[in-house]
Protein chains: 2
Amino acid sequence: MFTIGQLSRQTGVKVPTIRYYEETGLLPKPGRTAGNQRRYDGAGLERLSFIRHARDLGFSIDAISGLIELQGHPDQSCQAANDIASAQLVDVCAKIKKLKALEKELNRIAKGCDGQGVSENCYVLASLSDHALCEDNH
Amino acid sequence: MFTIGQLSRQTGVKVPTIRYYEETGLLPKPGRTAGNQRRYDGAGLERLSFIRHARDLGFSIDAISGLIELQGHPDQSCQAANDIASAQLVDVCAKIKKLKALEKELNRIAKGCDGQGVSENCYVLASLSDHALCEDNH
DNA sequence: TGTAATGGCTCTAGTAACTAGAGGTTCAAG
DNA sequence: CTTGAACCTCTAGTTACTAGAGCCATTACA
């Protein structure tokens, strides 16, 4: 049996966040001591690790709820779980693409100005003002 | 003179968002008609375009406030603006790196299961449960 | 057994950056 | 001069937490 603090240390999820997950139904309500403190067992630890991992991978709480529900219905769960993971992958790829474009433009902007001298005509500010200077159409 | 709707169409910023920017002080309060409707001029359009562009590049509202303030103090503004842009660049690079790791793992997870057959032992769910299977330590 | 430190409890409110909706007013076109 | 689109303010909701107040439980040590 673990206290909420021990669970927190083992999973890397902060204590208030664990309580928040319980509140939203993502974590089942654990047992309590006579003094009303939460006590978790191995299953609780596993569940929280699963959530932590999925959050790390960028799954939304909603998506995680979906995945957890699937675990209760082994029939068809594989296809559905795959769909959720694939959607997540598409999302991540799109984000990478967008960020790379930003990286390119920021590089261009940051390089244009040496941080010295030209005080009245800062290239950073000019670039941000004038969208037409952009190489990428974002 | 533009109405808030025209400004919205020209910049791609939604009407409630424009009002929100005004509320938070990011946009100056524009003039009003006798009937209390906002009317914007060219300067308002420029300012909003600047904000839109910087938001697109992932700058926080806070950072944008900083940049806007710099525009009022041409002395030293270039160095400071450069610092803000560089910080933004570091941020973007870090995000890209993290997302690439996620992409790799999601690819691995999504490929492991063909969405058919193996219903009781879904690879997606197993992967998410067992952090030890990960190739990357995230 | 007493006490102090640490950790736990609930509840409210705050964060970023908007978005949605209710209920009412103004503007511009025909 | 009427109609319908666009405008107004205000409140509340979103996501995924985080922070703080004020109080209670547990545990280690003397």
Min side-chain heavy-atom separation A:Tyr21-A:Ile61 under 4.5 Å:
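A:Tyr21 vs A:Ile61: side chains touch.
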
Do B:Arg39 and B:Thr3 have side-chain heavy atoms sitting under 4.5 Å apart?
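Side-chain contact under 4.5 Å: yes.
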
Can any side-chain N or O of A:Glu69 pair as donor or acceptor with the backbone N or O of A:Gly66 at less than 3.5 Å?
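Here the side-chain-to-backbone pair does not exist.
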
Main-chain N/O of B:Leu7 paired to B:Gln10 side chain as donor or acceptor, under 3.5 Å
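No, B:Gln10 side chain to B:Leu7 backbone: no donor-acceptor pair under 3.5 Å.
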
Find the distance between [atom1] ([X]) and [atom2] ([Y]) and round it off to the nearest 0.5 Å.
X: B:Ile18; Y: B:Leu27; atom1: CD1; atom2: CG; value: 7.5 Å
X: B:Lys29; Y: B:Glu23; atom1: NZ; atom2: CD; value: 8.5 Å
X: A:Thr11; Y: A:His53; atom1: OG1; atom2: NE2; value: 13.5 Å
X: A:Phe50; Y: A:Ile64; atom1: CZ; atom2: CD1; value: 7.0 Å
X: B:Leu67; Y: B:Asp62; atom1: CG; atom2: CG; value: 10.5 Å
X: A:Asn82; Y: A:Leu89; atom1: CG; atom2: CG; value: 10.5 Å

I want to check one thing: is the phosphate of C:dG7, taken as OP1 and OP2, less than 4.0 Å away from some side-chain N or O of A:Thr3?
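So the side chain of A:Thr3 is outside the cut-off, no N or O lying under 4.0 Å from OP1 or OP2 of C:dG7.
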
What residues, two or more places apart in sequence or in another chain, satisfy side-chain contact (heavy atoms from CB on, under 4.5 Å) together with B:Val15?
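side-chain contact (heavy atoms from CB on, under 4.5 Å) list for B:Val15, sorted by chain: B:Ile4, B:Ser8, B:Arg19.
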
Mind checking what makes side-chain contact (heavy atoms from CB on, under 4.5 Å) contact with A:Asp83, not counting sequence neighbours?
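Once residues adjacent in sequence are excluded, the partners of A:Asp83 under the side-chain contact (heavy atoms from CB on, under 4.5 Å) criterion are A:Gln79.
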
Rounded off to whole Å, could you give me the [atom1]-to-[atom2] distance for the [X] and [N] pair?
X: B:Leu48; N: C:dA17; atom1: CG; atom2: P; value: 16 Å
X: A:Met1; N: C:dG7; atom1: CE; atom2: P; value: 20 Å
X: B:Asp56; N: C:dA17; atom1: CG; atom2: C1'; value: 14 Å

Within residues 7-22 of chain B, which residues have any heavy atom lying less than 4.0 Å from an atom of DNA chain C?
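Close to the strand are B:Lys14, B:Thr17, B:Tyr20, B:Tyr21.
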
Rounded to 10°, tell me the angle between the two end axes of the helix from C:dT1-D:dA30 to C:dG30-D:dC1, each built from five pairs.
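The two end axes of the helix from C:dT1-D:dA30 to C:dG30-D:dC1 meet at 0°.
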
Which residues, if any, of residues 28-39 of chain A bring a heavy atom under 4.0 Å of DNA chain D?
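Within this stretch, A:Thr33, A:Gly35, A:Gln37 sit under 4.0 Å of the strand.
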
Just wondering, more than 12 heavy atoms not from A:Glu46 lying within 6.0 Å of its CD?
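No, CD of A:Glu46 has 12 or fewer neighbouring heavy atoms, counting only those of other groups under 6.0 Å.
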
First of B:Gln6 and B:Glu23 reached from the 5' end of DNA chain D, by closest nucleotide:
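Comparing both residues, the 5'-ward one is B:Gln6.
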
Start at the 5' end of DNA chain D and walk down; is the nucleotide closest to B:Tyr40 or to A:Asp62 reached first?
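Its nucleotide being nearer the 5' end, the pick is B:Tyr40.
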
With heavy atoms of chain B within less than 4.0 Å as the criterion, where does contact along DNA chain D begin and end?
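The contacted stretch runs from D:dC7 to D:dT9.
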
Checking all strands, does A:Thr24 fall into the base, sugar-phosphate, or nothing category for heavy-atom contacts under 4.0 angstrom?
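Nothing, no heavy atom under 4.0 Å.
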
